[in-house]
Amino acid sequence: MLKSTMPALQAFRPLPLRIDTVRGTTAIADYAWIECRSEGGRLANRNVKRALAAQRPLLVCLDEGEQRLAPLDFAATIITQLAGALHGVNSADLGHVTVAYWPQWSQVCWLPDDAQRIRVAHRQIRDILASLYDRELARRVTIVYAGPVLDAERATVMNDINVDGVVQNPFGKQNIENEVRK
């Protein structure tokens, strides 16, 4: 039997999450961090509904795994995670959900994602949301990138219409430029 990870979520992310957006920096405290790939559809869905019922800020984290996937494989993986986590979530509640693309492969090998790949991934996520709900609602959902991005590419990522923000210092590293393995 699977146990809910809701209580452990605060211990996992004890500090407020800081997200850079085009309008400035936003801090989110006391949020539920739902990892769709590791939790699986039913558990992720149960945790999403519990967080929404508790009126907690909610980050639904999508992840392609430890290997970087081609765009078609990425879409197939992400639609399963997103559809499972958001099953039965109505359009009014969807406004309280932030979707975070958090690629595990970038944490494992400390390889930052390039701006074009981030932009394509976020476009695919928004298109999947549009297929699950509708295009107008999909445009209103906040989608942030939670992996490492080089400072030189940060502005390009932030200026894309499908990227609503970039999580600051996602893995607790100071100065990402110096931490990247060449």
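- Closest approach of Gln81 to Cys61, counting heavy atoms only: OE1-O, 4.2 Å.
- Side-chain contact check for Arg119 versus Thr156: some heavy-atom pair is nearer than 4.5 Å.
- Leu52 places a side-chain heavy atom less than 4.5 Å from the side chain of Val97.
- Minimum interatomic distance between Val157 and Val163 (heavy atoms only, all atoms of both residues): O-CB, 3.4 Å.
- Note: Tyr101 and Tyr145 have tilted aromatic rings, judged against thresholds of 30 and 60 degrees for the angle between ring planes.
- With hydrophobic clusters built from ILVMFWY side chains whose heavy atoms lie under 4.5 angstrom apart, Val120 does not share a cluster with Leu150.
- The closest donor-acceptor contact from the side chain of Arg126 to the backbone of Ala138 lies under 3.5 Å.
- Considering OH of Tyr133 and CZ of Arg140, their distance stands at 12.5 Å, rounded to 0.5 Å.
- Distance check, rounded to the nearest 0.5 Å: NE2 of His96 to CD of Gln55 gives 7.5 Å.
- Without hydrogens or angle criteria, Glu153 side chain to Ala115 main chain gives a donor-acceptor distance under 3.5 Å.
- Listed here is the closest heavy atom pair of Val167 and Arg154: O-NH2, 4.1 Å.
- Under a 3.5 Å cut-off, the side chain of Asn159 and the backbone N or O of Ala155 do form a donor-acceptor pair.
- Looking at Asp164, its side chain never comes within 3.5 Å of a backbone N or O of Val144 through a donor-acceptor pair.
- Side-chain atoms of Asp63 do not come within 3.5 Å of backbone N or O of Arg37 as any donor-acceptor pair.
- Inter-residue side-chain proximity for Cys36 and Val60 is flagged as met; some heavy-atom pair is nearer than 4.5 Å.
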